[in-house]
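First the structure, in the form of C-alpha cells, and then the observations on it.
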Amino acid sequence: MIVQLNEAERRVLPERLPEWTVADDGNSISRVFRFSDFSAAWGFMSRVAMLAEKQDHHPDWSNAWNKVAIVLSTHDVGGLSARDVTLAEAIDQIEHP
Ligand code: H2B
C-alpha cells in the first residue's frame, strides 16, 4: 500500500535529496535541470521516462529547449510518498551537467 511520507521521513528529505526543493504545501518535490542544448535535454528525458515506466511512477514535467523542470508527487495519495524519493534518487544518478 502506498502511503504519504511520515514526519521523520519528511525531516530527512533535505539531507537525502539536497538538490530537490520541497513545495510549500509539502505535497511535491521539484528540481530543474539545464543542459547544453535541446538534444541533451531530450536524451535525459528519455532516460527518466524509462525509469518512470520501470517504477510505474511518473513525473509531472516540462521542457523548454535545454531546460527540464521535474515535479514529483504521488497522485494516488495526494502528496509525497517513498515512490517520489526513490524516483528522485534514480534521476539524480543519471548523468547530467
Ligand atoms: N505516477 C505518479 N506520479 N503518481 C501516481 O500516483 C501514479 C503514477 N500512479 N504513475 C500510478 C502510475 C498508477 O496510476 C498506476 C495504475 O499504477
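All residue numbers refer to positions in the sequence shown, counting from 1. As the structure lists them, so they are numbered: ligands from 1, and atoms in each ligand from 1. Source: prediction; values computed, not measured.
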One pair per line, please: each N/O atom of ligand 1 matched with every protein N/O atom under 3.5 Å away, atom names first, then the distance to 0.1 Å.
residue  : atom   : partner : partner atom : Å
ligand 1 : 1 (N)  : H58     : N            : 3.0
ligand 1 : 3 (N)  : H58     : O            : 2.8
ligand 1 : 3 (N)  : S73     : O            : 2.8
ligand 1 : 4 (N)  : H75     : N            : 3.2
ligand 1 : 6 (O)  : H75     : N            : 3.1
ligand 1 : 6 (O)  : D76     : N            : 2.8
ligand 1 : 6 (O)  : D76     : OD1          : 3.1
ligand 1 : 6 (O)  : D76     : OD2          : 3.3
ligand 1 : 9 (N)  : D76     : OD2          : 3.1
ligand 1 : 10 (N) : D56     : O            : 3.4
ligand 1 : 10 (N) : H58     : ND1          : 2.8
ligand 1 : 17 (O) : D56     : OD2          : 2.4

Checklist entry - side-chain contact (heavy atoms from CB on, under 4.5 Å) with D37: which residues, sequence neighbours excluded? => result S39, A40, W65
Next on the checklist: Looking at D24, I'd like to know if its CG atom is crowded, meaning that more than 12 non-hydrogen atoms belonging to other residues, nucleotides or ligands lie closer than 6.0 Å.
Outcome noted: no
Next on the checklist: With side-chain hydrogen bond (donor to acceptor under 3.5 Å, both in side chains) as the criterion, how do S81 and T74 come out once you've worked through the C-alpha distance, each side chain's angles and the decisive distance to 0.1 Å?
Outcome noted: CA-CA 6 Å; S81 75; T74 303; 2.7 Å; yes
Checklist entry - For R47 and E95, what are the C-alpha separation, side-chain angles and deciding distance, and is it a salt bridge (charged side-chain N to carboxylate O under 4.0 Å, His left out)? => result CA-CA 10 Å; R47 298 182 72 184; E95 210 175 299; 5.7 Å; no
Checklist entry - Quick one: side-chain contact (heavy atoms from CB on, under 4.5 Å) partners of N63, sequence neighbours excluded? => result F38, A41, M45, V68
Checklist outcome for this item: Hits for side-chain contact (heavy atoms from CB on, under 4.5 Å) against D56, two or more places apart or cross-chain, chain-then-number order -> H58
